[in-house]
Amino acid sequence: MILLPRDFYDQEVTLVARRLLGKRLVRSLDGMRLAGTIVETEAYRGEEDLACHAKSGRTPRNAVMYGPAGHAYVYFTYGMHWCLNAVTGAVDYPAAVLIRAIHPCEGLEDIALRRGRFPRSQWCNGPAKLTQALRIDGNLNGASLCDQHDGLWIEEGEEIDNQWVKATPRVGIDSVPEPWKSKPWRFLAELPEEQ
DNA sequence: CGCCCGATGTGCT
DNA sequence: GCACATCGGGCGT
């Protein structure tokens, strides 16, 4: 098991988003591991990116994005959903990668307590679905992803070749103006076994 | 299948 | 007030 070092996150956010594909997101609690392989991400980059939560400057909500790389930015939305991001880049430059989907592979019995009523393919195929599956909420906002202290981290995984990776515009930002609306900053791993 | 819409709380205008 | 980096149920095709 190799934890991703802080250096990994201290790079341009779209590069981090691409390189997170294939890595293993791990949640540890109650002596149990819940984990899955990251297969979909999105990059949000700076105050100039009008789809980014930092578009209007620093606020209490988005403050973690302005902090050091390798921490979790966890936010609440639509009155009921939590979403997980990994902060990237330099201090005072707000950027983060939204983790949009994983393939769950550890702790399936516990994940099924919350997701078992749906088909397995739908357990973690959305940003709020995977946080529900892995029991991630606002208590983890600001957690360090580079050690095991906070019960949430990311480990090395399989390298995913470019032939399996697609880049598309980000989703759920229809009201955002161009050019931000069309930036190809969503990265998907379309692995052979799922076709 | 696809589209539509209600749920539900918070942050910011 | 209102918009929101969403989800899941319902209904029509």
Side-chain angles (χ1 to χ4, degrees), chain A residues 9 12-21 25 27 34 36 38-67 69 71-89 93-104 111-143 145 152 154 166-190 194-195:
Chain A
Y9 301 94
E12 203 283 318
V13 64
T14 60
L15 182 62
V16 179
R18 164 63 183 84
R19 292 188 61 197
L20 276 174
L21 297 178
L25 176 65
R27 174 81 170 113
L34 311 175
I38 296 172
V39 294
E40 182 180 345
T41 60
E42 282 178 357
Y44 290 86
R45 190 170 84 175
E47 295 180 349
E48 66 276 12
D49 174 7
L50 296 182
C52 181
H53 283 173
K55 65 176 184 291
S56 301
R58 190 193 299 244
T59 70
R61 183 200 197 198
N62 65 27
V64 171
M65 290 183 79
Y66 288 79
H71 290 256
Y73 167 44
V74 183
Y75 68 87
F76 185 74
T77 192
Y78 291 103
M80 62 188 93
H81 298 304
W82 295 99
C83 293
L84 169 67
N85 300 252
V87 174
T88 72
Y93 185 82
V97 176
L98 173 66
I99 312 295
R100 287 194 59 89
I102 62 175
H103 283 172
I111 289 172
L113 296 177
R114 294 170 298 285
R115 302 297 305 163
R117 64 199 151 108
F118 303 106
R120 174 89 177 258
S121 62
Q122 294 172 34
W123 282 7
C124 297
N125 65 335
K129 296 178 188 179
L130 73 88
T131 58
Q132 184 191 20
L134 299 195
R135 301 207 238 169
I136 293 165
D137 64 22
N139 292 317
L140 288 166
N141 190 37
L145 297 173
L152 182 67
I154 302 177
K166 194 154 75 179
T168 78
R170 296 168 291 181
V171 303
I173 57 166
D174 282 348
S175 60
V176 172
E178 300 289 2
W180 312 108
K181 185 174 169 178
S182 297
K183 294 281 187 191
W185 289 351
R186 176 191 185 214
F187 299 91
L188 301 102
E190 298 187 321
E194 58 181 314
Q195 309 192 2

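Distances were taken from every side-chain heavy atom of A:Ala128 (C-beta onward) to each of C:dC7, B:dA7, C:dC4; the shortest belongs to C:dC7. Which of B:dG11, C:dA5, C:dC7 sits closest to the side chain of A:Thr59 comes down to B:dG11. Of the candidate nucleotides C:dC4, B:dC12, C:dG8, C:dG8 has the atom lying nearest to any side-chain atom of A:Gln132. Across C:dA5, B:dT8, B:dT13, the shortest atom-to-atom separation from the side chain of A:Met80 is found for B:dT8. If you check C:dG8, C:dA5, B:dG9 against the side chain of A:Phe76, the one that comes closest is B:dG9. Here C:dT6 is the nucleotide among B:dG11, C:dT6, C:dG8 with the atom lying nearest to any side-chain atom of A:Cys83.
Checked against a 6.0 Å centroid threshold, the rings of A:Tyr75 and A:His53 count as neighbours.
In this structure, A:Arg114 contributes its side chain and A:Gln132 its backbone to a donor-acceptor pair below 3.5 Å.
For A:Asp174 and B:dC3, the CG to C1' distance is 14 Å, given to the nearest whole Å. To the nearest angstrom, P of C:dC7 lies 9 Å from CG of A:Leu98. Here B:dA7 presents its P atom at 13 Å from NE2 of A:His81, a figure rounded to the nearest Å. Distance A:Asn141 CG to B:dG9 C1': 16 Å, rounded to the nearest Å. What separates CG of A:Leu84 from P of C:dC7 is a distance of 13 Å, to the nearest Å. A:Asp137 has its CG atom 13 Å from the P atom of B:dT10, to the nearest Å. The nearest whole Å value for the distance from the OH atom in A:Tyr75 to the P atom in C:dT6 is 6 Å. One can place CD of A:Gln122 at 12 Å from C1' of C:dG9, the figure rounded to the nearest angstrom.
Atoms CD and CG, on A:Glu42 and A:Leu188 in that order, are 8.5 Å from each other to the nearest 0.5 Å. Here the OG1-CG distance, from A:Thr41 to A:Leu21, works out to 4.5 Å after rounding to the nearest 0.5 Å.
Among the protein residues, A:Tyr78 comes within range of the nucleic acid bases, having at least one heavy atom under 4.0 Å from a base atom. As judged by a 4.0 angstrom heavy-atom cut-off over every strand, A:Ala51 is placed among the base-contacting residues. A:Arg115 comes within contact range of the sugar-phosphate backbone alone, with a heavy-atom separation under 4.0 Å but no base atom that close.
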**Prompt:** Do A:Val97 and A:Asn85 pass the side-chain contact (heavy atoms from CB on, under 4.5 Å) test, and can you show the C-alpha distance, the side-chain angles, and the key distance before you say yes or no?
**Reply:** CA-CA 5 Å; A:Val97 176; A:Asn85 300 252; 6.0 Å; no

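Distances shown here put every side-chain N or O of A:Thr77 at or beyond 4.0 Å from the OP1 or OP2 atom of B:dT10. Between A:Lys55 and C:dA5 there is no side-chain N or O to OP1 or OP2 distance below 4.0 Å. For C:dA5, the OP1/OP2 oxygens have no side-chain nitrogen or oxygen of A:Arg186 closer than 4.0 Å.
Figure legend. C:dA5 is base-paired to no nucleotide; pairs are counted as Watson-Crick or G-U wobble with both atom distances under 3.5 Å. B:dT8 makes up no base pair with any nucleotide shown, lacking Watson-Crick or G-U wobble contacts both under 3.5 Å.
A residue-by-residue look at A:Arg117 and A:Gly79 shows that A:Gly79 has its nearest nucleotide of DNA chain C further toward the 5' end. Nearest-nucleotide mapping onto DNA chain C: of A:Phe118 and A:Arg61, the residue sitting toward the 5' end is A:Arg61.
For B:dC5 and C:dC4, the C1' atoms lie 15 Å apart once the distance is rounded to whole Å. Annotation: B:dT8 and C:dG1 have their C1' atoms spaced 16 Å apart (nearest Å).
Between A:Thr131 and A:Trp82, the shortest heavy-atom distance links the atoms OG1-O, 2.7 Å.
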